[in-house]
There are 2 protein chains.
Amino acid sequence: MPDRSDLQPAWKPLQLSTELKRRKRPDVIADRIRELIVAQGLEPGDRIPQEWLLPETHEASRGTLREALKILEFQGLTLSKTGPGGGVFVSGVGADQAIRLLDNLFLFQPPSIADIYSIRKVLEPQLAESLAGKLSAEAFAKLQDTIRLYEEEPKTAEEEYRQRLAELDFHVELARHAQNALLGFNCIFLISLLRDMTVCREIYREPNPALRETGLHYQIILLRAIKSGDGKRAAQVMREHMEAAEIYMLERAEIPQRNPIKAIHRERGK
Amino acid sequence: MPDRSDLQPAWKPLQLSTELKRRKRPDVIADRIRELIVAQGLEPGDRIPQEWLLPETHEASRGTLREALKILEFQGLTLSKTGPGGGVFVSGVGADQAIRLLDNLFLFQPPSIADIYSIRKVLEPQLAESLAGKLSAEAFAKLQDTIRLYEEEPKTAEEEYRQRLAELDFHVELARHAQNALLGFNCIFLISLLRDMTVCREIYREPNPALRETGLHYQIILLRAIKSGDGKRAAQVMREHMEAAEIYMLERAEIPQRNPIKAIHRERGK
DNA sequence: AGATATTTGTTCGTATGTATT
DNA sequence: TAATACATACGAACAAATATC
């Protein structure tokens with residue numbers, strides 16, 4: 001063991017304003033850096049100046065500073081790149097990333113299917129309406145591709161399940177193109193809740209050709225309405241689609257429901 | 001139909017996720033512990049068995065284990081108490097806490113006032129309707145108390161501002177009592193966005209006796225409708241309230257808007 | 001009331017790993 | 001391959017909180 005008797009006192013408790021005295025140092029540093037980012041108008045992709053990240057700037061050790069950076073990265077505000085020319089960069093926060101932060105929110109008091117659909121019923125039509133006449137050709141192509149995944153009758157329960165997920169993906173894809181990012185985020189969040197509920201997982205495994213058929217039907221005329229720029233009609237179609245889906249889900253959910261959310265081991269990397 | 005193919009993606013679909021193949025040890029440990037919590041059916045308030053938290057259980061050092069715990073705590077899933085009989089406890093995640101996790105989401109592409117109100121206009125009435133006849137006496141008392149904060153005409157700009165915040169608190173208080181926790185969360189989230197937008201902060205500072213008056217008016221008849229159990233009327237009143245507020249905010253927001261979100265230095269502690 | 005034991009929290013320095021140029 | 005710059009993990013020491021005697 002090295003002799004540490006000549007070492008200076010581990011860290012001098014630097015003066016913090018009384019109000020902030022109780023706050024942990026990494027948190028304080030993280031906030032300082034975030035403040036700098038906003039104040040200096042840095043935007044996603046910009047590199048954070050090294051001076052801001054120097055240990056001596058904050059009178060803390062490398063480890064403590066690293067903690068601070070970890071907080072920012074966890075919040076999705078920064079990302080670090082290694083190697084020469086690397087460093088810490090400001091990063092936009094993706095919807096998917098943000099939703100993962102909410103994984104635990106409803107872990108112990110999960111919303112019911114009715115809860116989710118009561119909101120979807122009003123938001124999805126609004127989304128559809130707002131998209132009318134605004135989708136690019138590429139967006140349409142992507143949506144068509146998604147639909148194609150469940151055009152054919154499923155053979156196995158697994159396939160049934162995958163098709164249902166693809167149906168949800170259709171709605172996610174729509175939401176991605178929302179001008180109103182807040183609306184898009186909300187829709188995606190609701191869908192991700194549905195996806196993770198085991199009740200739904202079970203329901204999705206059951207075959208139901210009729211629903212698939214009508215779902216497909218709705219989505220095709222929905223796309224047509226959006227393409228033609230008929231917002232009111234798009235909203236109406238989506239509303240009917242949601243109502244039909246809700247009725248179906250509620251009927252099936254009569255089956256006993258167990259521990260409802262499985263947001264646990266979602267794959268982190270790509 | 002205009003060609004919108006060059007339209008900016010409303011937000012980054014998923015910003016170049018740097019492929020994190022190798023999962024970090026604290027993350028792995030955090031996931032293991034979370035899995036244990038769910039698998040063993042632990043609920044908020046339960047203490048996490050020490051064995052799960054021992055360094056040797058996970059073959060890691062104390063520091064690494066601490067990192068794992070920090071992740072869980074940051075996500076709001078656990079909280080720790082020091083001292084004998086202390087330890088790490090499972091904790092429910094509060095709405096406020098969850099919203100803080102989303103602080104950075106719209107930092108660089110903030111939603112507009114119109115974006116927020118287009119959603120509030122449909123969700124708040126639904127909330128009001130769902131509360132009809134369901135509020136306890138205590139809840140009413142608390143709401144009345146909040147209203148009292150802006151009954152009197154404000155004298156200064158500061159007071160004006162505080163009153164506006166209290167008006168928002170009124171809606172938060174309503175949302176807190178939602179049966180549909182998801183709906184409540186959504187409403188609170190929207191309000192917190194409003195609260196943090198500097199555009200709004202500026203607008204809120206401007207005196208507007210007429211709006212205050214009508215807002216007060218709406219909220220009083222809203223409470224009456226809720227108390228009497230008249231859901232339809234409550235929804236209608238809320239809808240009108242939202243529409244009036246939106247018109248006012250949009251008018252005022254014509255003023256140039258700058259760096260819009262100030263979610264930076266929010267107080268962390270109680 | 002006060003000392004003590006228990007349990008978690010904070011920070012440090014260092015050694016080693018990993019990705020990029 | 002070498003150099004660069006960040007990442008990960010460890011172990012040690014000390015601080016803070018709190019129940020119990």
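So you know, we letter chains A, B, ... as the sequences are listed, proteins then strands, and number each from 1.
- Atom CD1 of B:I71 is separated from atom C1' of D:dT8 by 12 Å (rounded to the nearest Å).
- Atom CD of B:E59 has 12 or fewer heavy atoms from other residues, nucleotides or ligands within 6.0 Å.
- Distance CG (A:L65) to C1' (D:dT8): 16 Å, rounded to an integer number of Å.
- Nucleic acid contact for B:G87: sugar-phosphate only, since backbone atoms but no base atoms lie under 4.0 Å from a heavy atom of the residue.
- Applying the salt bridge (charged side-chain N to carboxylate O under 4.0 Å, His left out) rule to A:R164 yields the partners A:E160, A:E167; only residues at least two apart in sequence or on another chain are considered.
- Separating the CZ atom of B:F74 from the P atom of C:dT10 is a distance of 14 Å, rounded to the nearest angstrom.
- Regarding B:R62, its CZ atom lies at a distance of 14 Å from the C1' atom of C:dC12, rounded to whole Å.
- Applying the salt bridge (charged side-chain N to carboxylate O under 4.0 Å, His left out) test to every pair with at least one member in residues 172-194 of chain B, sequence neighbours left out, gives these pairs: B:K142-B:E173, B:E173-B:R176.
- Looking only at distances, no side-chain donor or acceptor of B:N104 sits under 3.5 Å from a matching main-chain atom of B:L107.
- Using a 4.0 Å cut-off, no side-chain N or O of A:T64 falls inside it from OP1 or OP2 of C:dT10.
- In this structure, the nucleotide among D:dA9, C:dT8, D:dA7 sitting nearest to the side chain of B:T82 is C:dT8.
- For CD of A:Q109, the number of neighbouring non-hydrogen atoms (other residues, nucleotides, ligands) closer than 6.0 Å is 12 at most.
- Residues A:L101 and A:F74 come closest through the heavy atom pair CD2-CE2, 3.7 Å.
- Taking a 4.0 Å limit (strictly below) on heavy-atom distances, residues 42-55 of chain B reaches DNA chain C at B:Q50.
- One atom, NZ of A:K70, and another, P of D:dC6, lie 16 Å apart when rounded to the nearest Å.
- For the pair B:E56 CD and D:dA9 C1', the computed distance is 16 Å after rounding to whole Å.
- Phosphate contact (OP1/OP2 of C:dG9, side-chain N/O of B:S80, threshold under 4.0 Å): present.
- If you take CZ of A:R66 and P of D:dA9, they are 8 Å apart, rounded to a whole angstrom.
- Remark: C1' of D:dA17 and CG of B:L79 are 14 Å apart, rounded to the nearest angstrom.
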